[in-house]
Every structure is written in C-alpha cells, then in structure tokens.
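Structure first, then comments.
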Protein chains: 2
Amino acid sequence: MLAENAVTTSDKTFLALRGDIVDGAISAGSKLNESELSAKYQVSRAIIRESINRLEAANLVERKANIGAKVVTLTHQGLIQLYQVRESLEGMAARLAATNMSDNEITRLNQLLNTHAEDVMGPQSYYQEAGDVDFHYRIVLGSHNQHLISMLMHNIYHLVRMYRVQLGMAGPRVTTAFYEHQHIVQAISNRDPELAEMLMRRHITYSMKNIENKLRNLQ
Amino acid sequence: MLAENAVTTSDKTFLALRGDIVDGAISAGSKLNESELSAKYQVSRAIIRESINRLEAANLVERKANIGAKVVTLTHQGLIQLYQVRESLEGMAARLAATNMSDNEITRLNQLLNTHAEDVMGPQSYYQEAGDVDFHYRIVLGSHNQHLISMLMHNIYHLVRMYRVQLGMAGPRVTTAFYEHQHIVQAISNRDPELAEMLMRRHITYSMKNIENKLRNLQ
DNA sequence: TGGGGGTATATTGTCGACAATTAAAAGCGT
DNA sequence: ACGCTTTTAATTGTCGACAATATACCCCCA
C-alpha cells in the first residue's frame with residue numbers, strides 16, 4: 001500500500017503539517033508563521049522550512065520570497081482546474097493500466113470491486129471515501145508509470161482530499177459511481193485501453209459536476 | 001516570457017544547479033555531495049539542501065534519507081513514461097486552449113507560426129529547439145489552467161530538455177513537425193477542443209517515436 | 001586467505017544565532 | 001487631522017556548528 005515510512009523528523013513533521021492542512025486544523029488561506037510552527041511541532045525552524053517547501057510542491061501552500069507562505073484557498077475555479085488535470089492524468093492511467101496491469105493485478109482489482117458491491121448493496125454505504133480512493137489508487141498504480149504515480153499521489157490527491165474534507169463531500173452518487181467503476185474494470189479486463197481511458201475521463205467529469213453543485217457559494 | 005526572477009540566493013543557486021544538470025555539466029546518475037556543492041557554488045549547505053529539494057520536486061534528482069541525492073539516470077523506459085505524461089497533459093492543454101485562449105492570443109499564435117514557416121522554408125532551419133519550445137509553451141499557457149501550467153513548466157519540461165540535450169536531439173522532423181503544429185493551431189482557431197487534443201497527442205506520440213530510435217543503446 | 005566485527009571517517013540531518021528584508025509604529029511638519 | 005519620513009519590531013533568509021547515521025577501512029580470527 002505504498003507505506004510512506006517517515007524515517008526522519010522532517011518527514012514526520014511534513015506529514016503532520018500536511019494532515020493538519022488537509023483536515024482544516026490549519027485553515028485554508030491562513031498564513032504560516034515559521035517560528036510559531038516551530039514551537040507548535042517542537043522542531044527547529046529549518047525543519048519547518050523544509051516541510052513548507054514540500055507542501056508547496058504538493059500544491060497545498062503558496063510561498064513568496066521574503067514574505068512567507070500561505071495555505072491555499074479553495075475556490076470554484078481551483079477545483080475545476082484540479083479536476084481537469086485529474087481527468088487528464090487518470091484517463092491516461094486507466095489507458096496504460098489496460099495494457100500494463102498483470103493478470104494477477106486485474107484479478108485483485110475485480111475482487112476489490114466485489115467487496116465494494118457488498119458495501120453498496122448493504123444497509124449503510126460507507127463506500128464513498130475509502131472505497132473510491134482505493135479504487136483510483138489501484139488503477140493509478142496499475143499504470144506502472146512512475147511519473148504518473150508520483151504526480152497523482154504527491155501533487156494532486158492530497159489537494160483533492162482537502163477539497164473533499166473541507167466541503168463535506170460524502171453524499172449520494174455512491175451506487176452510481178460504483179457502476180462506473182464496474183465498467184472501467186470491465187474495459188481493463190478486456191484489455192481495451194481506449195475505452196478504459198474514455199470511461200475514466202467521464203467518471204471523473206461526472207464526479208466533478210457532482211461536487212461543483214455543492215460550492216456555488218465559493219466564488 | 002514568464003521571467004523566473006530569482007530574488008534570493010537560494011533561487012539563483014537552484015537555477016544554476018538545474019542548468020548544470022540539464023546541460024550535463026553535472027552528469028546524469030552522479031551523486032550530489034552537499035559540502036562539495038556548497039564550496040563550488042559558494043553558498044551554505046542549507047542553500048544547497050533547499051536547492052536539492054526543489055530539484056527532486058522537478059524530477060531531476062532522487063533523494064534517499066540519510067544517504068543522499070543522485071542526478072536521475074536517463075533510460076529508455078524513463079523517456080517513454082515521461083512522454084506518456086506529456087501526451088496526457090499537453091493533450092488536455094490543447095483542448096482547454098481551444099476554449100480558453102482569447103482571440104488576441106490566437107492571433108499571436110498564428111503569427112508565431114508564420115515566423116516559423118519562414119525559418120523552415122529558409123536555408124538553415126534553426127527551428128527545432130527554440131521554435132518547438134515556444135510553440136508548446138504558448139499552448140500550455142493558453143490553457144489558462146494553473147495546475148497544468150505549473151506541472152509542465154516545473155516538473156516536466158526541464159527533464160524533457162535534459163533528455164534532448166544529453167542525447168543530442170536536433171535532427172530531422174523539422175518540416176514534418178511544423179505541419180503538425182499548423183494543424184493544431186488550425187483546430188484551436190476553429191475552437192475545436194476535441195480535434196486540438198487529438199492532434200496534440202499524436203504530435204507528441206510521433207515526436208517520441210522519433211526520439212526513441214536514437215537511444216536503442218540505452219537499456 | 002577470506003569473512004565478521006568493530007572502529008574511524010565521511011556525509012547527511014538538525015539546531016540556534018545572525019543578517020537582510022518587510023511590515024508596523026512612531027514622529028514630524030504642514 | 002492628514003500624509004510623509006524615519007525608526008522600530010517582526011519575519012524570513014542565510015550561515016556555521018553539532019548530532020546522528022551510513023560508509024569505508026582496519027584488525028582480528030578461523
């Protein structure tokens with residue numbers, strides 16, 4: 001599951017900070033004071049600075065020379081642009097997965113889908129968040145493309161999660177999304193790259209339209 | 001031209017290091033010794049470390065905790081994976097450009113193309129590198145998508161250039177590529193997103209196949 | 001002579017202090 | 001009282017030193 005083993009204190013601090021930003025414990029748009037954070041997380045300013053640099057690379061923070069760093073603000077336009085990139089990259093991931101996933105990987109992907117099927121049919125569907133994430137991760141990894149994997153895992157998904165968490169995304173679309181997942185897996189199982197890409201792109205587009213409705217209030 | 005104004009010494013050092021890596025002055029695969037670089041560039045180790053972190057984010061360097069950083073190695077597979085990402089992102093950029101570029105921007109894009117036409121028809125075609133880069137930049141910026149722009153400019157293009165420089169890419173395909181550019185601009189001028197994306201993806205695929213031949217020697 | 005353990009060296013990780021820059025406050029004149 | 005200049009405070013940028021980890025070397029032993 002790609003264990004992000006944090007060996008150094010810088011790693012741990014980065015993960016802690018990232019978690020607090022994604023969860024909203026450090027609110028969107030707020031300024032990051034290095035000395036303050038240094039005291040809060042009990043590490044030197046050098047560590048904080050390194051973490052902030054990594055957060056900037058992860059698109060969670062914006063930095064200006066001699067002025068400082070701010071947590072990104074969540075906007076309607078920002079969400080749209082983020083999902084356009086997702087559509088592009090995950091579409092390609094699905095395309096490559098159809099060619100590059102091993103038979104074994106595909107078997108396990110189908111098993112994952114069956115697990116989700118039970119959840120969807122069951123009483124309460126705790127599917128959405130965790131299940132959806134699992135599914136997308138599996139396909140991205142199945143692309144066997146290091147750049148693609150790295151970009152999505154490090155530069156995109158945490159920001160996506162930040163939108164989801166802070167805008168309270170857990171809504172309907174559970175069963176609908178499930179069937180879309182099913183069709184994507186079918187295309188991959190059939191080793192049909194073109195179709196897999198197209199279905200994934202549509203799936204992400206729909207998903208965006210769904211979220212978009214929930215934040216007409218954001219400018 | 002997106003002036004990367006480097007205000008701080010850290011910025012300057014980063015740019016210097018990046019240039020040396022892309023150009024091969026610091027050879028691919030070699031280890032980066034922090035103290036050594038600190039002496040070479042006349043700055044503290046803190047600056048070097050920050051620069052190395054940024055280079056890692058730019059996919060030009062790989063870092064391991066407590067062990068150190070190495071310049072990436074150029075491989076056949078690495079090139080393919082890089083171009084797959086390019087195809088994905090620039091395809092989307094072309095699609096968005098067809099919708100989002102202003103009439104003014106499109107006019108200037110056509111002018112750029114005319115300039116290149118003269119070069120291609122002229123005696124020596126110094127077109128390839130600079131011209132190609134200009135063209136692609138213009139379209140990426142035309143997408144008006146900040147994530148897309150940032151990813152390509154900071155995380156992809158410098159590595160692409162590193163492959164080009166170090167594998168001595170300047171070859172034929174000058175006029176061929178020009179006509180492909182022409183068709184892409186036509187699609188954008190016609191406000192046809194679907195076609196613009198398709199043509200850009202093909203253009204990049206062809207370009208990769210062309211480069212691929214030149215490095216059968218790389219494993 | 002070859003291998004394992006332990007010491008020495010080199011390299012990276014972390015820290016606190018100083019310098020440079022920016023933002024805020026005070027002082028001044030009109 | 002208002003606007004401009006000067007001074008002060010706060011924050012970021014840079015540095016050299018110390019700590020922790022990994023690598024290289026040497027010695028000892030079978």
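Remember, predicted model here, so these are calculated numbers, not experimental data. Order of the sequence lines sets the chain letters (A, B, ...), proteins ahead of strands, with each chain counted from 1.
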- Item | Shortest side-chain distance from R45(B), nucleotide among dA23(C), dT21(C), dT12(C) | dT12(C)
- Of I67(B) and I67(A), the one whose closest DNA chain C nucleotide lies more 5': I67(B)
- Task: With rounding to the nearest 0.5 Å, note down the distance linking NE2 in H158(B) to CZ in R18(B).
- Result: 3.5 Å
- Item | For atom CG of N66(A) and atom P of dT14(D), their distance in whole Å | 8 Å
- Nearest-angstrom distance from the residue atom CD1 of I47(A) to P of dG13(C): 10 Å
- Please name the residue in the list I106(B), N110(B), T99(B), N100(B) that meets the side chain to side chain contact (heavy atoms under 4.5 Å, CB included) test with I188(B). I106(B)
- Item | Comparing A65(A) and A46(A) on DNA chain C - which has the more 5′ nearest nucleotide | A46(A)
- Testing dG13(C), dT12(C), dT22(C) for proximity to the side chain of S35(B), the answer is dT12(C)
- Item | Distance-only polar pair, side chains of Y137(B) and D132(B), donor-acceptor under 3.5 Å | no
- Item | Nearest-nucleotide pick for S44(B), side chain only, options being dC15(D), dG13(D), dT14(C) | dC15(D)
- Query: Do other residues, nucleotides or ligands put more than 12 heavy atoms under 6.0 Å from K209(B) NZ?
  - Reply: no
- Task: Using atom CD of E34(B) as one end and atom C1' of dA17(D) as the other, report the distance to the nearest whole Å.
- Result: 15 Å
- Note on the structure: In terms of heavy-atom contacts, S143(A) and A93(A) come closest through CB-O, 3.8 Å
- Taking atom types as modelled and ignoring hydrogens, do the side chains of H203(A) and E87(A) form a donor-acceptor contact shorter than 3.5 angstrom? no
- Note on the structure: With the side chain defined as heavy atoms from C-beta on, R63(B) is closest, among dC15(D), dG13(D), dG13(C), to dG13(C)
- Task: Scan residues 48-60 of chain A against DNA chain C and write down, sorted by residue number, each residue with any heavy atom closer than 4.0 Å; if none is found, say none.
- Result: none
- Message: Looking at dT12(D), I'd like to know if its phosphate oxygens (OP1 or OP2) sit under 4.0 Å from a side-chain N or O belonging to N33(A).
- Response: yes
- Please state how far atom NZ in K70(B) lies from atom P in dT12(C), giving the value in whole angstrom units. 12 Å
- Are any of T8(A)'s side-chain N or O atoms less than 4.0 Å away from OP1 or OP2 of dT14(C)? yes
- Atom pair distance, as rounded to whole Å: CD in Q42(A) and P in dC15(C): 10 Å
- Message: With a 4.0 Å limit, can you tell me whether K64(A) has a side-chain N or O closer than that to the phosphate oxygens OP1/OP2 of dG13(D)?
- Response: no
- Query: Would you say dT14(C) has OP1 or OP2 under 4.0 Å from some side-chain N or O of T9(A)?
  - Reply: yes
- Query: K12(B) side chain N/O closer than 4.0 Å to the phosphate oxygens (OP1, OP2) of dT14(D)?
  - Reply: no
- Separation of dA24(C) atom C1' from K31(A) atom NZ, nearest Å, is 14 Å
- Message: For the residue pair R86(A) and Y83(A), would you count it as a cation-pi contact if the rule is NZ or CZ under 6.0 angstrom from the ring centre and within 45 degrees of the ring axis?
- Response: yes
